[in-house]
Visitor: 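So that we are looking at the same thing, I have put the structure below in structure tokens.
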There are 2 protein chains.
Amino acid sequence: MNLSKRCEYGLRALIDIGIASELGRPRLQVSELAAKEKLPVKFLEQILSQLKAAGYVKSKRGKFGGYSLAKRMDRIKFGPVIRLIDGPLAPIRCVSETSYACCTCPDEVHCGLRMLMLDVRNAIAKILDRYTLAEIVEITLRKLHRDKVTPLFLQPSMRFVSILP
Amino acid sequence: MNLSKRCEYGLRALIDIGIASELGRPRLQVSELAAKEKLPVKFLEQILSQLKAAGYVKSKRGKFGGYSLAKRMDRIKFGPVIRLIDGPLAPIRCVSETSYACCTCPDEVHCGLRMLMLDVRNAIAKILDRYTLAEIVEITLRKLHRDKVTPLFLQPSMRFVSILP
DNA sequence: GAAAATCCTACTGCGCAAGTATGAATTTGA
DNA sequence: TCAAATTCATACTTGCGCAGTAGGATTTTC
């Protein structure tokens with residue numbers, strides 16, 4: 001029931017880029033991201049490259065380059081991103097919607113484990129396929145604002161004024 | 001988001017023993033279990049040994065030995081069994097109730113990923129910590145009966161008459 | 001042209017899942 | 001009492017995938 005580190009880092013990066021862009025910094029560099037989240041630069045590079053290939057982010061090379069979102073935040077759902085990096089959400093393949101594989105059990109139709117795991121899969125998918133990056137970013141910003149915490153990626157000169165209602 | 005084979009086999013075994021016991025065969029041998037589910041005998045042996053150590057099944061040695069449930073079926077919940085074999089249900093450790101570990105993210109309180117994964121963890125736990133073996137066995141038997149399928153573990157001489165209402 | 005970034009590909013270590021293998025201990029029936 | 005059938009205990013194996021490293025190529029800006 002585990003999210004890989006690779007996937008976790010990828011999602012963090014996406015959320016950070018989303019937050020930054022909402023605050024008027026549409027592009028972030030890998031080194032900034034890595035510094036904030038305290039994770040290996042080179043590894044993150046690979047992950048962002050994968051996210052780029054899948055159309056979630058776009059990049060600008062060279063000095064003052066970096067990554068920005070390639071889609072509207074409200075079009076980025078978490079489920080597909082996780083499937084991209086970690087594979088199916090389902091605990092066992094015989095209940096996967098997106099990459100079903102029949103299991104070895106003698107009678108799939110009457111398999112109790114399958115029924116149970118189908119429930120679990122649906123519960124997971126219900127959350128991850130509904131939540132969008134926009135929602136998570138909004139909630140995060142609201143929380144930060146409520147607690148008067150200045151998020152990173154904001155130059156000291158900039159003031160943290162929420163755009164949110 | 002994956003269940004290990006070890007865990008899957010363990011749960012299958014538990015369910016099979018439950019079904020068999022409900023049908024009047026309180027004890028099953030590893031070889032029978034392995035044959036029905038088509039999985040390696042020695043591996044299953046190890047798993048059952050683990051389930052025994054944790055108090056879920058008990059065993060009888062020697063000829064006509066085998067494994068039977070050590071608890072009432074309605075006291076066996078799936079969550080704890082899965083945690084025993086595969087570890088925490090939570091996708092990331094910082095949202096685990098049973099074995100929390102702080103994550104490396106800079107601000108756990110305002111971490112959007114954490115909120116999302118907490119939702120997922122709760123959804124998973126809600127299902128797996130509520131369903132009991134008794135329920136899954138009952139549902140399975142009902143389905144089998146409705147479809148007039150004779151479950152395995154039943155000697156040809158025995159007739160499949162559901163005890164259920 | 002130098003510096004600063006992304007891009008690309010290959011490599012590595014190592015831990016763990018998924019078994020195998022071997023034999024000891026126990027129970028039963030002949 | 002012995003042989004067969006079972007569980008019990010422990011050690012070993014094998015392969016793969018996660019979590020990175022490493023090194024250099026390419027692009028952009030000043």
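Below, chain A is the first sequence line, B the second, and so on; all start at residue 1. The structure displayed is predicted, hence computed values, not measured ones.
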Visitor: Go through the steps to decide whether Thr140(B) and Ile136(B) satisfy the test side-chain contact (heavy atoms from CB on, under 4.5 Å), and finish with yes or no.
Guide: CA-CA 6 Å; Thr140(B) 303; Ile136(B) 293 297; 4.1 Å; yes
Visitor: Between Leu128(A) and Leu116(B), does the side-chain contact (heavy atoms from CB on, under 4.5 Å) criterion hold? Intermediate values first, please.
Guide: CA-CA 8 Å; Leu128(A) 295 176; Leu116(B) 181 64; 4.0 Å; yes
Visitor: Please give, in whole Å, the distance from dC18(D) P to Asn2(B) CG?
Guide: 10 Å
Visitor: Expressed as a whole number of angstroms, how long is the span from Arg27(B):CZ to dA5(D):P?
Guide: 18 Å
Visitor: From OH of Tyr9(A) over to C1' of dT21(D), roughly how many Å is that when rounded to an integer?
Guide: 14 Å
Visitor: Grab the NZ-P distance between Lys5(A) and dG20(D) for me, whole Å please.
Guide: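 Whole-Å distance recorded here is 8 Å.
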Visitor: Can you tell me how far P of dC18(D) sits from CE of Met1(B), to the nearest Å?
Guide: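 Atom CE in Met1(B) sits about 14 Å away from atom P in dC18(D).
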Visitor: Report yes if at least one side-chain N or O of Ser59(A) is closer than 4.0 Å to OP1 or OP2 of dC7(C); otherwise report no.
Guide: yes
Visitor: Are the side chains of Lys52(B) and Lys58(B) in contact, using a 4.5 Å heavy-atom criterion?
Guide: no
Visitor: Would you name the heavy atoms of Ser4(A) and Ile85(A) that are closest together and state the gap between them?
Guide: OG-CG2, 4.4 Å
Visitor: Would you name the heavy atoms of Ser96(A) and Arg121(A) that are closest together and state the gap between them?
Guide: CA-CD, 4.3 Å
Visitor: In whole angstrom, give the distance that lies between atom CZ of Arg6(A) and atom C1' of dT21(D).
Guide: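 These atoms are roughly 14 Å apart.
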Visitor: Would you kindly give the CD-to-C1' distance between Gln29(A) and dT6(C), to the nearest whole Å?
Guide: 10 Å
Visitor: Would you call Met1(B) and Pro88(A) a side-chain contact if the rule is heavy atoms closer than 4.5 Å?
Guide: no
Visitor: Expected output is a numbered-order residue list: members of residues 42-57 of chain A with a heavy atom under 4.0 Å from any atom of DNA chain D. What is it?
Guide: Lys42(A), Phe43(A), Gln46(A)
Visitor: Specify the separation, in whole Å, of atom CZ of Arg12(B) and atom P of dA18(C).
Guide: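 Result: 13 Å.
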Visitor: Without placing hydrogens or testing angles, list every side-chain donor-acceptor pair under 3.5 Å for residues 64-73 of chain A, not counting sequence neighbours.
Guide:
{"residue": "Arg72(A)", "atom": "NE", "partner": "Asp74(A)", "partner atom": "OD1", "Å": "3.1"}
{"residue": "Arg72(A)", "atom": "NH2", "partner": "Asp74(A)", "partner atom": "OD1", "Å": "3.4"}
{"residue": "Arg72(A)", "atom": "NH2", "partner": "Asp74(A)", "partner atom": "OD2", "Å": "2.6"}

Visitor: Assuming nearest nucleotide by heavy-atom distance, tell me which of Phe64(B) and Asp86(A) is located more 5' along DNA chain D.
Guide: Phe64(B)
Visitor: dA5(C) phosphate, OP1 or OP2: any side-chain N/O from Tyr67(A) under 4.0 angstrom?
Guide: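 Looking at the OP1 and OP2 atoms of dA5(C), neither is under 4.0 Å from any side-chain N or O of Tyr67(A).
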